[in-house]
Amino acid sequence: MLSEPDYQELAAVKNGNIIIVPTGVFFWDAGVQKPFLMLLIAQSLYTEKFAEFDMKSEIMDFYSEFFYYDLTNEQADMILAHLDPPTQ
């Protein structure tokens, strides 16, 4: 999207103020992971108030508790970087 000519005039693109929303098991804009989207936005807008918040740790705890799946550090990093899991 950032390389599309239609978006080049947007101030956010020009200034590098783009936030990539992670996906994980489900999109973060709906469903059980929606609170993470709200936290991501809050952390992006109020960095000083959320400086102590560890998104990676929270995601790992969430997956363990609600999906009964223990993410590795690498998997959590991939989710936060909006990367697809490796193919087998």
Side-chain angles (χ1 to χ4, degrees):
M1 180 178 153
L2 295 177
S3 62
E4 293 290 327
D6 293 340
Y7 296 106
Q8 298 308 307
E9 294 303 312
L10 294 174
V13 174
K14 286 182 180 180
N15 297 327
N17 292 330
I18 303 297
I19 300 168
I20 304 298
V21 177
T23 303
V25 173
F26 304 105
F27 293 111
W28 280 19
D29 61 347
V32 297
Q33 295 183 129
K34 193 170 196 163
F36 286 122
L37 177 59
M38 300 299 108
L39 288 167
L40 180 70
I41 292 170
Q43 193 175 39
S44 299
L45 295 175
Y46 305 102
T47 53
E48 64 284 346
K49 291 185 179 185
F50 287 87
E52 302 291 320
F53 183 75
D54 184 358
M55 184 71 79
K56 181 176 172 179
S57 175
E58 293 294 329
I59 289 170
M60 292 177 80
D61 290 345
F62 181 88
Y63 270 64
S64 179
E65 185 169 340
F66 293 101
F67 295 146
Y68 306 108
Y69 184 82
D70 293 325
L71 289 172
T72 65
N73 282 313
E74 294 81 16
Q75 289 169 325
D77 288 337
M78 290 180 74
I79 289 171
L80 290 171
H82 194 76
L83 298 173
D84 292 330
T87 56
Q88 304 273 339

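All figures in this text were calculated on a predicted structure; none of them were measured in a lab.
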Given the rule in the ring pair (Phe, Tyr, Trp, His ring centres under 6.0 Å) test, do F50 and Y46 qualify, once you have shown the distances and angles that lead to the verdict?
CA-CA 6 Å; F50 287 87; Y46 305 102; 7.1 Å; no

Taking it one step at a time, do E58 and L39 satisfy side-chain contact (heavy atoms from CB on, under 4.5 Å)?
CA-CA 10 Å; E58 293 294 329; L39 288 167; 5.8 Å; no

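Counting all heavy atoms, side chain and backbone alike, I79 lies closest to P22 at O-CB, 3.0 Å. Looking at every heavy atom in both residues, Q8 comes nearest to V13 through OE1-CG1, 4.1 Å. Scanning all heavy atoms of the two residues, the minimum distance from H82 to V21 falls at ND1-O, 2.8 Å. Of all non-hydrogen atoms in V32 and P35, the two that sit nearest each other are O-CD, 3.4 Å.
For Y63, the ring pair (Phe, Tyr, Trp, His ring centres under 6.0 Å) test picks out F67, with sequence neighbours left out. Legend: residues meeting side chain to side chain contact (heavy atoms under 4.5 Å, CB included) with N73, ordered by chain and number and at least two apart, are K56, M60. Take Y7 and apply the side chain to side chain donor-acceptor pair (under 3.5 Å) test, not counting sequence neighbours, and it matches no residue.
Among residue pairs with one or both ends in residues 11-21, those qualifying as salt bridge (Lys or Arg N to Asp or Glu O under 4.0 Å) are E9-K14; sequence neighbours excluded. Sorted by first then second residue, the salt bridge (Lys or Arg N to Asp or Glu O under 4.0 Å) pairs that include residues 28-48, not counting sequence neighbours, number zero. Sorted pairs that involve residues 59-74 and meet salt bridge (Lys or Arg N to Asp or Glu O under 4.0 Å), not counting sequence neighbours, are lacking altogether.
Rounding to the nearest 0.5 Å gives a distance of 11.5 Å between CG of N17 and CG of L10. Taking CE from M78 and CG from L71, the interatomic distance works out to 11.0 Å, rounded to the nearest 0.5 Å.
Considering D54, D77, L80 in turn, L80 is the only one that fulfils the side-chain contact (heavy atoms from CB on, under 4.5 Å) rule with I59.
Each of L83 and L37 belongs to its own hydrophobic cluster when Ile, Leu, Val, Met, Phe, Trp and Tyr are linked at side-chain heavy-atom distances under 4.5 angstrom.
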